[in-house]
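Note sheet for the following structure.
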Amino acid sequence: MAFDIETLVTDLRAAATQDRPQQSVRSVLQTALADPVAVNEGIPDYAENEVVLFEDDSISIWFCRFLPGQTVPAHDHQMHATIGVYRGAERNEFFETAADGVALQKSNEVVLEPGKVLQIGPDAIHAVSCASAEPSLAIHVYLGKLTTVDRSLFDTDTGEAMAFSDDNYERLTRADQG
């Protein structure tokens with residue numbers, strides 16, 4: 001059966017209104033990504049690296065492309081997130097406050113390959129990068145309206161938290177690239 005992005009969006013929207021939305025969203029995404037090749041063939045070739053496929057107060061559904069060598073600075077979401085990869089590989093590095101109470105230290109790393117799904121909590125701090133020679137393509141689902149939430153970016157060297165803004169994003173991205 002051919003994959004249809006509109007059907008996935010409809011199914012994820014319905015899952016977000018269930019009694020256990022985290023589990024429902026995970027189930028829908030796992031089922032859809034069971035055949036990552038079909039998903040890759042069925043999703044349009046978007047020009048942008050991030051595309052909001054749908055968003056309302058209950059759910060935000062994004063297409064995300066990470067290019068080889070690209071790292072998104074450490075950040076939080078302030079809501080539950082479910083990530084499903086269908087092409088390439090996506091690395092999620094998680095951070096916690098270090099023993100000194102100031103700096104951040106890496107606490108875990110998860111690499112998602114095609115067909116794999118990861119859920120993270122609202123307080124998680126993570127950096128995302130492409131872990132493959134080809135671009136990583138994924139669907140990221142947030143249980144809330146991500147574009148309107150006050151989120152933070154983090155300098156992983158100093159532990160400094162700052163507003164998630166374009167300027168701060170660019171500053172941290174340049175710092176990571178040397």
Side-chain angles (χ1 to χ4, degrees), residues 1-46 48-55 58-96 104-144 146 151 154 156 173 176:
M1 185 166 146
F3 174 83
D4 178 66
I5 189 65
E6 295 304 321
T7 300
L8 177 61
V9 168
T10 299
D11 292 348
L12 287 168
R13 290 177 63 192
T17 64
Q18 299 300 310
D19 289 337
R20 297 171 35 145
Q22 290 169 266
Q23 293 83 351
S24 296
V25 165
R26 180 183 186 95
S27 177
V28 167
L29 207 50
Q30 283 178 317
T31 299
L33 295 177
D35 185 353
V37 172
V39 176
N40 188 55
E41 292 171 354
I43 290 187
D45 185 17
Y46 297 109
E48 299 295 322
N49 288 334
E50 293 183 343
V51 177
V52 179
L53 302 174
F54 179 82
E55 183 174 73
S58 66
I59 193 167
S60 299
I61 305 167
W62 292 54
F63 159 83
C64 296
R65 177 189 301 118
F66 299 102
L67 303 175
Q70 176 187 19
T71 299
V72 173
H75 61 280
D76 62 18
H77 296 115
Q78 298 297 312
M79 61 186 65
H80 290 278
T82 305
I83 300 166
V85 172
Y86 62 90
R87 182 172 152 202
E90 178 182 305
R91 176 181 295 109
N92 286 266
E93 295 178 283
F94 294 93
F95 297 89
E96 296 176 344
L104 292 179
Q105 65 184 18
K106 185 175 168 181
S107 60
N108 193 16
E109 178 178 305
V110 176
V111 175
L112 296 173
E113 295 183 348
K116 300 300 180 191
V117 174
L118 172 71
Q119 287 192 300
I120 61 176
D123 297 326
I125 298 170
H126 74 143
V128 183
S129 62
C130 179
S132 55
E134 67 176 325
S136 171
L137 305 180
I139 302 296
H140 289 213
V141 182
Y142 309 94
L143 289 178
L146 186 66
R151 304 189 302 143
F154 298 86
T156 55
T173 299
D176 287 345

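A pairwise comparison of heavy atoms in Pro114 and Gly88 identifies CD-O, 3.0 Å as the closest pair. In terms of heavy atoms, Ala14 sits closest to Thr17 at O-OG1, 2.8 Å. Taking each heavy atom of Ala89 and Ser132 in turn, the nearest pair found is N-OG, 3.0 Å. The two residues Val39 and Tyr86 make their nearest non-hydrogen contact at CG1-CG, 3.5 Å. When all heavy atoms of Ser60 and Gly144 are compared, the pair lying nearest together is OG-O, 2.6 Å. Annotation for Ala32 and Phe3: closest pair CB-CE1, 4.2 Å, computed over non-hydrogen atoms.
With contacts defined as side-chain heavy-atom distances shorter than 4.5 Å, the pair His77/Met79 qualifies. Proximity of His75 to Val128: side-chain heavy atoms (C-beta onward) are separated by under 4.5 Å at one or more points. Counting heavy atoms from C-beta outward, Ile43 and Leu137 have side chains that stay 4.5 Å or more apart. In this structure, Thr156 and Lys106 have side chains that are not in contact, with every pair of non-hydrogen atoms separated by 4.5 Å or more. A 4.5 Å side-chain heavy-atom check between Gln70 and Cys130 finds every atom pair outside the cut-off. Side-chain contact between Glu90 and His140 is present, with at least one heavy-atom pair separated by less than 4.5 Å. For the pair Leu12 and Leu53, the minimum side-chain heavy-atom distance is 4.5 Å or more. Contact of the Val25 side chain with the Val28 side chain is not registered, since no non-hydrogen atoms from C-beta on lie closer than 4.5 Å.
The line from CD of Gln30 to OG1 of Thr82 is 9.5 Å long, rounded to the nearest 0.5 Å. The CZ atom of Phe54 lies 6.5 Å from the CD1 atom of Ile61; values are rounded to the nearest 0.5 Å. Once rounded to the nearest 0.5 Å, the distance linking CZ of Arg65 with CG of Asp45 reads 6.0 Å. With values rounded to the nearest 0.5 angstrom, Trp62 atom CH2 is found 12.0 Å from Asn49 atom CG. Going from atom CG of Leu8 over to atom CG of Asp11 covers 6.5 Å, rounded to the nearest 0.5 Å. Atom-to-atom distance recorded for Ile125:CD1 and Phe154:CZ is 3.5 Å, nearest 0.5 angstrom.
Formation of a donor-acceptor pair under 3.5 Å by the Thr31 side chain with backbone atoms of Ser27 is found in this model. Judged by distance alone, with hydrogens and angles left aside, the side-chain atoms of Glu55 form a donor-acceptor pair with the main-chain N or O of Leu146 at under 3.5 Å.
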TODO: Just do the side-chain contact (heavy atoms from CB on, under 4.5 Å) check on Val85 and Lys116 with the steps written out, would you?
DONE: CA-CA 6 Å; Val85 172; Lys116 300 300 180 191; 5.8 Å; no
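Within a 6.0 Å radius of CD in Gln119, more than 12 heavy atoms belonging to other residues, nucleotides or ligands are found.
Between Phe94 and His126, the ring-plane angle classifies as parallel under the 30° and 60° cut-offs.
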